[in-house]
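Data first, discussion second: the structure below is written as structure tokens.
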Number of protein chains: 2
Amino acid sequence: MTNLSEDSAVLRLPRLADEEVDFGLLAEMTGFSVKLVWILGYTYLTRAIDDAGITPQRFSMLELIGVNPGLTQTQLARALGLSRPATSLTIDFWEGRGHVERRIAAQDRRSFGIHLTAQGKTALEGLRVRVREADDALTRKLGPEEIDQLRGLLARIYE
Amino acid sequence: MTNLSEDSAVLRLPRLADEEVDFGLLAEMTGFSVKLVWILGYTYLTRAIDDAGITPQRFSMLELIGVNPGLTQTQLARALGLSRPATSLTIDFWEGRGHVERRIAAQDRRSFGIHLTAQGKTALEGLRVRVREADDALTRKLGPEEIDQLRGLLARIYE
DNA sequence: CTGTATTTGTTAATCACTATAACAAATACA
DNA sequence: TGTATTTGTTATAGTGATTAACAAATACAG
């Protein structure tokens with residue numbers, strides 16, 4: 001995850017501003033602007049939490065488990081838009097660190113309820129602080145009312 | 001690129017709205033909203049142009065070449081935020097279709113100036129129409145002044 | 001002028017991620 | 001009771017992008 005050579009990718013962002021390159025249609029597309037901001041946010045977030053393989057996806061999973069203890073893996077997969085195998089592997093990751101445990105569901109012994117361990121709760125607290133900071137950094141050029149405006153417009157699109 | 005089985009990925013989007021899942025901190029993050037919209041836009045765009053391997057990245061490259069004929073591969077890589085190997089392969093793709101050609105630069109015979117062929121120009125025109133439609137579809141729930149507002153706020157973040 | 005260093009582009013090897021397919025166990029239902 | 005569906009896992013594969021290594025051309029230092 002550390003890319004520090006000549007062609008480092010973490011910071012590799014399209015360059016709209018400088019030099020003589022005209023972005024043509026891309027510069028007129030809302031989707032392209034969204035992509036640029038997404039890359040920037042992903043970069044901030046990754047830098048904030050990248051300890052031994054913690055990625056935005058993996059954090060999202062831990063957060064969902066923390067807020068909704070007992071969800072099954074299929075429910076988690078659907079909520080986050082992942083395949084069931086990907087979900088299974090993500091839970092393996094957190095279980096291997098002792099942050100999460102699978103408890104067999106009494107009423108349906110095919111499925112597990114996923115829960116945070118005490119360790120997991122502590123880790124999640126620490127991660128949340130850093131994630132918040134990264135998200136604040138992303139919007140640091142906007143005032144509070146502008147952030148609300150932006151969030152509102154984005155929500156109108158995907159809701 | 002066709003995923004039509006049970007676990008289809010093209011449409012796989014996190015589900016904020018329905019069911020009993022609480023997204024916790026994620027629901028409060030601007031970066032997460034941006035990600036959702038980005039996924040949606042990427043899905044629309046991919047559906048609009050996905051003929052025989054044309055991806056958003058590859059379209060972006062063709063557009064940049066069309067608007068800025070004669071750029072070198074290194075300049076294209078920097079502008080789009082790609083590595084030079086990735087850029088080289090993308091140009092291979094378009095060159096193989098006869099849409100782009102490499103012309104040796106007279107003053108520096110290490111580098112090529114990249115140019116559209118007549119075929120490439122025609123193809124680009126057709127793609128531009130579909131790309132515009134996909135971008136319009138993404139923002140169809142917003143009025144013109146709201147789109148401007150959104151674009152302005154996003155630009156403030158990455159500029 | 002000569003030799004080293006840098007730059008451009010390509011190729012090869014690798015890595016990370018995700019998906020699909022196939023499977024066992026449990027449950028639902030006809 | 002027997003078939004079909006669902007849950008989760010494993011195995012396989014495919015994709016994309018990256019790093020490293022390289023050849024050719026150019027820049028520059030001594």
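Residue numbering restarts at 1 for every chain, and letters A, B, ... go by the order of the sequence lines.
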Q. Does any donor atom in the side chain of B:Gln73 or B:Arg102 lie under 3.5 Å from an acceptor atom in the other side chain?
A. yes
Q: Rounded to the nearest angstrom, tell me the gap between atom CG in A:Leu76 and atom C1' in D:dT6.
A: 16 Å
(Q) Just by distance, no angles: are the side chains of B:Arg47 and B:Tyr42 close enough, under 3.5 Å, to form a donor-acceptor pair? (A) no
Q. So does B:Gln75 get a side-chain nitrogen or oxygen closer than 4.0 Å to the phosphate oxygens (OP1/OP2) of C:dT8?
A. no
(Q) To the closest 0.5 Å, what do you measure between CG (A:Leu64) and CZ (A:Phe59)? (A) 9.5 Å
Q | Nucleotide C:dA16, atom P - distance to CD of A:Gln57 in whole Å | A | 16 Å
Q.
Any heavy-atom pair between the side chains of A:His115 and A:Ile65 that's under 4.5 Å?
A. no
Just the table, please: protein N/O against nucleotides 26-30 of chain C N/O, every pair under 3.5 Å.
unit_1 : atom_1 : unit_2   : atom_2 : d
C:dT27 : OP1    : A:Arg109 : N      : 2.9

Q) In the single-linkage hydrophobic clustering (I, L, V, M, F, W, Y; side-chain heavy atoms under 4.5 Å), do A:Leu36 and A:Leu40 co-cluster? A) yes
Q) Nearest-Å distance, CG (A:Leu82) to P (C:dC17)? A) 12 Å
Q: Give me the ring orientation class for A:Phe23 and A:Phe32: parallel if the planes are under 30° apart, tilted from 30 to 60°, perpendicular past 60°.
A: tilted
**Q.** Closest heavy-atom pair and its distance - B:Leu154, A:Val34
**A.** CD1-CG2, 3.7 Å
Q.
To the nearest 0.5 Å, what is the distance between OG1 on A:Thr122 and NE2 on A:His99?
A. 8.5 Å
Q: To the nearest Å, give me how far apart CD (B:Glu101) and C1' (C:dG9) are.
A: 18 Å
Q) Could you state the interatomic distance from CZ (B:Arg128) to CD (B:Glu133), rounded to the nearest 0.5 Å? A) 14.5 Å
Q: Send over the distance from A:Arg103 CZ to D:dG8 C1', rounded to a whole Å.
A: 18 Å
Q: Decide side-chain contact (heavy atoms from CB on, under 4.5 Å) for B:Leu150 and B:Leu142; before the verdict, give the C-alpha distance in whole Å, the side-chain angles of both, and the deciding distance to 0.1 Å.
A: CA-CA 9 Å; B:Leu150 175 58; B:Leu142 304 181; 4.0 Å; yes
Q.
Pairs counted only when both distances fall under 3.5 Å, Watson-Crick or G-U: show me the 5' to 3' dot-bracket for DNA chain C, [ ] for pseudoknotted crossings and | for other-strand partners.
A. ||||||||||||||||||||||||||||||
**Q.** Among D:dT18, D:dG8, C:dT20, the one nearest A:Ser83 by side-chain distance
**A.** C:dT20
Q. Do any side-chain nitrogens or oxygens of B:Thr72 fall under 4.0 Å of OP1 or OP2 in C:dT8?
A. no
Q: Kindly indicate, with the supporting measurements, whether the criterion salt bridge (Lys or Arg N to Asp or Glu O under 4.0 Å) is fulfilled by A:Glu159 and B:Lys141.
A: CA-CA 10 Å; A:Glu159 264 170 2; B:Lys141 292 180 184 164; over 6 Å; no
Q.
Using whole Å, what does the distance between atom C1' of nucleotide C:dA25 and atom CD1 of A:Ile104 come to?
A. 11 Å
Please tabulate, one pair per line, each protein N/O and nucleotide N/O from nucleotides 10-13 of chain C that are separated by under 3.5 Å, including the distance.
unit_1 : atom_1 : unit_2   : atom_2 : d
C:dT10 : OP1    : B:Arg102 : NE     : 2.9
C:dT10 : OP1    : B:Arg102 : NH2    : 3.0
C:dT10 : OP2    : B:Gln73  : OE1    : 3.3
C:dT10 : OP2    : B:Gln73  : NE2    : 2.6
C:dT10 : OP2    : B:Ser88  : OG     : 2.3
C:dT10 : OP2    : B:Arg102 : NH2    : 3.2
C:dT10 : O5'    : B:Ser88  : OG     : 3.3

